[in-house]
Amino acid sequence: MIEFASVTKRYPDGTTAVEDFSLVVPSHRTVVLLGSSGSGKTTLLRMVNRMVEPTSGSVLIDDVDVRTLDRVRLRRSIGYVLQAGGLLPHRTVVDNIATVPVLDGVPRRTARTRALELLEKVGLPAALAQRYPAQLSGGQQQRVGVARALASDPNILLMDEPFGAVDPIVRADLQAELRRLQGELGKTIVFVTHDVDEAFALADEVVILRTSARVAQVGAPAEILAHPADEFVDQFVGGGTARRTLHLRDQGGRTVVVDEDGRPAGVLAP
Ligand SMILES: Nc1ncnc2c1ncn2[C@@H]1O[C@H](COP(=O)(O)OP(=O)(O)OP(=O)(O)O)[C@@H](O)[C@H]1O
């Protein structure tokens, strides 16, 4: 469990990135922080592994204040996936994945064997193990990024717009893969995005943020869609709920689901 207890972050230039934010992220759940650019999502995420220290308030992991934990050990014990992949360009895929376990004292050979297993787990062929990051597609790099974050078998995964730089089809693939992995692994995931569809696709719980990480609404995707807390949330999740309001239409004996403009969104299961 991760708890943000009244955290505020003011950067030295006076920017209040986060103002009095409180949230409990239950263990084994995926919580998505959803907000526009600059709403403070990355700042919140980085408070968990102490890349950013709050100006006031605290972050607790399983009731322990992260400030009391050794920063390097804390960072290595938490998986972190970034938009740019964050892979080391001069190391092969297998060595990128094995980096943290080796730093933690796992013998290189053991770490490499485990890295190969992880490659398979994230849906990549073992043949890619000896390539360098630049020799992979963007989607493959992100998968390696996920494998690397899982390498030390952390309880917590922090994911900062990890699929932001790939095309929509690859992005949907990566989301599906993450859902499958999460079903298997049950990590505690905090996932940052500004993409509403991505948030709804992945989250057990979505936290919609205004500027300075002020919470507009917290809830399961269906709750938020059905009962947006206010106009801000309604606009944010749907551009007015109208965009997401679907209708049923008979199409030669099958029921087709159409959007507000009559465009087909899918077919109702018989
Ligand atoms: N090191 C810093 N110094 C000063 N201001 C900062 C710093 N880092 C972030 N900020 C500011 O804090 C606010 C929140 O930034 P943050 O990166 O947390 O937002 P975000 O929601 O993750 O944005 P994005 O989606 O664009 O990454 C922004 O106004 C940003 O300009």
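Each ligand, and each atom within it, is numbered from 1 in the order the structure gives. For clarity, every value in this text was computed on a predicted model and none was experimentally measured.
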Backbone, side chain, both or neither: what part of Thr42 comes under 4.0 angstrom of ligand 1, heavy atoms only?
both
Pair Ser6, Asp20: side-chain N/O donor-acceptor within cut-off below 3.5 Å
yes
Validate the cation-pi geometry between Arg210 and Phe232: distance from NZ or CZ to the six-membered ring centre under 6.0 Å, angle to the ring axis within 45°.
yes
closest protein heavy atom to atom 11 (C) of ligand 1 is Thr15 CG2, 3.7 Å
Protein contact to atom 23 (O) of ligand 1 [nearest heavy atom, distance to 0.1 Å]:
Gly38 N, 2.8 Å
Considering heavy atoms of the protein only, find what lies nearest to atom 10 (N) of ligand 1 and give residue, atom and distance to 0.1 Å.
Tyr11 CE1, 3.4 Å
Going by atom types alone, do Arg46 and Tyr80 pair a side-chain donor with an acceptor below 3.5 Å?
yes
Could you tell me whether Thr43 approaches ligand 1 through its side chain, its backbone, both or neither, with non-hydrogen atoms closer than 4.0 Å?
both
Considering only non-hydrogen protein atoms, determine which one is nearest to atom 25 (O) of ligand 1 and report residue, atom name and distance to 0.1 Å.
Lys41 NZ, 2.8 Å
Are Asp160 and Thr42 close enough that a side-chain donor and a side-chain acceptor fall under 3.5 Å?
yes
Heavy atom of Ser36 under 4.0 Å from ligand 1?
yes
Which residue and non-hydrogen atom of the protein lie closest to atom 12 (O) of ligand 1, and at what distance in Å?
Ala17 CB, 3.3 Å
Salt bridge or not for Asp195 and Arg171, using N-O below 4.0 Å?
yes
Return the closest protein heavy atom for atom 26 (O) of ligand 1 as residue, atom name and distance.
Ser37 OG, 2.6 Å
Would Leu45 end up clustered with Met1 when hydrophobic side chains under 4.5 Å apart are linked, directly or stepwise?
no
Would you verify that at least one protein heavy atom lies under 4.0 Å from atom 17 (O) of ligand 1, or report that none does?
yes
Kindly indicate, with the supporting measurements, whether the criterion side-chain contact (heavy atoms from CB on, under 4.5 Å) is fulfilled by Lys9 and Val52.
CA-CA 8 Å; Lys9 177 65 188 179; Val52 168; 3.7 Å; yes
Looking at ligand 1, would Ser39 count as a contact under a 4.0 Å heavy-atom criterion?
yes
Residue that, paired with Tyr11, satisfies side chain to side chain donor-acceptor pair (under 3.5 Å) out of Thr43, Thr55, Thr16
Thr43
Test item: side-chain donor near acceptor, Glu198 and Thr193, under 3.5 Å
yes
Distance from atom 19 (O) of ligand 1 to nearest protein heavy atom, with residue and atom:
Gly40 N, 3.2 Å
Yes or no, since that's all I need: does a protein heavy atom fall within a distance strictly under 4.0 Å of atom 7 (C) of ligand 1?
yes
